[in-house]
Amino acid sequence: QFPSKILVQDEARLNIVNSNITSSNQEIFIWPEGSSRIYIENSVISGPKSCVVVTNGNSEVQIKNSCIDRVTAWVNSK
């Protein structure tokens, strides 16, 4: 089985606010790259396996009052 993946590319923006994102049997990746930005507030991202935000390529993630397993920042990301 493949993970669920939300890919945000090429200077795109994604806001996740007051939301629940769940998977019944897979891990969830939220992956901004290419100078993209993600804002997560008052949200839960959950599943039976790891739920992860991975920033890459000058991207930025802001997380406030939310539940997620792990955040990893690569290549000049914040």
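Basis for what follows: all heavy atoms, side chains included, without hydrogens, waters or symmetry-related copies.
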### Task
Mark yes or no for whether Ser36, through its side chain, and Val8, through its backbone, hold a donor-acceptor pair below 3.5 Å.
yes

## Note on the structure
Here the gap from Ile40 atom CD1 to Ile45 atom CD1, rounded to the nearest 0.5 Å, amounts to 4.0 Å

### Query
For Lys49 and Gln26, which heavy atoms make the closest approach, and how far apart are they?
CB-C, 4.3 Å

### Message
Any heavy-atom pair between the side chains of Ser23 and Asn25 that's under 4.5 Å?
### Response
yes

### Message
Under 4.5 Å between side-chain heavy atoms, counting indirect links through other Ile/Leu/Val/Met/Phe/Trp/Tyr residues: same cluster for Val52 and Ile63 or not?
### Response
no

### Query
Should Ile38 and Ile30 count as side-chain neighbours, where that means a heavy-atom distance under 4.5 Å?
yes

### Task
Drop me the distance from Arg70's CZ to Ser50's OG, to the nearest 0.5 angstrom.
5.5 Å

### Straight-line distance of Glu60 CD to Tyr39 OH, nearest 0.5 Å
12.0 Å

### Task
Please examine the side chains of Ser43 and Ile21, heavy atoms only from C-beta on, and report whether any two atoms are closer than 4.5 Å.
no

### Task
Find out if a path of hydrophobic residues (ILVMFWY) with successive side-chain heavy-atom gaps under 4.5 Å connects Val44 to Ile6.
no

### Query
Any donor-acceptor pair under 3.5 Å linking the side chain of Ser59 with the backbone of Asn56?
yes

### Task
Search all heavy atoms of Leu7 against all heavy atoms of Trp31 and return the closest pair with its distance.
CD1-O, 3.2 Å

### Message
A quick test of your reading: do over 12 heavy atoms of other residues, nucleotides or ligands sit less than 6.0 Å from CZ of Arg13?
### Response
yes

#### Entry: Separation of Gln9 CD from Leu14 CG (nearest 0.5 Å)
13.0 Å

### Query
So, do Trp74 and Thr55 sit near enough that their side-chain heavy atoms are less than 4.5 Å apart?
no

### Query
Are the side chain of Asp69 and the backbone of Cys51 linked by a donor-acceptor contact shorter than 3.5 Å?
yes

### Query
Taking all non-hydrogen atoms of both residues, which atom of Thr22 and which atom of Ile28 are closest, and how far apart?
C-CD1, 3.9 Å

### Task
Measure from the side-chain N and O atoms of Arg37 to the backbone N and O of Ser35, and report whether any donor-acceptor pair falls under 3.5 Å.
no

### Task
Determine whether Ile68 and Val54 fall in the same hydrophobic cluster, where Ile, Leu, Val, Met, Phe, Trp and Tyr are linked whenever their side-chain heavy atoms lie under 4.5 Å apart.
no

### Query
So, for Pro48 and Ser24, which heavy atoms are closest and what is the spacing to 0.1 Å?
CG-O, 3.4 Å

#### Entry: Backbone N/O of Asn42 and side chain of Ser66: donor-acceptor pair under 3.5 Å
yes

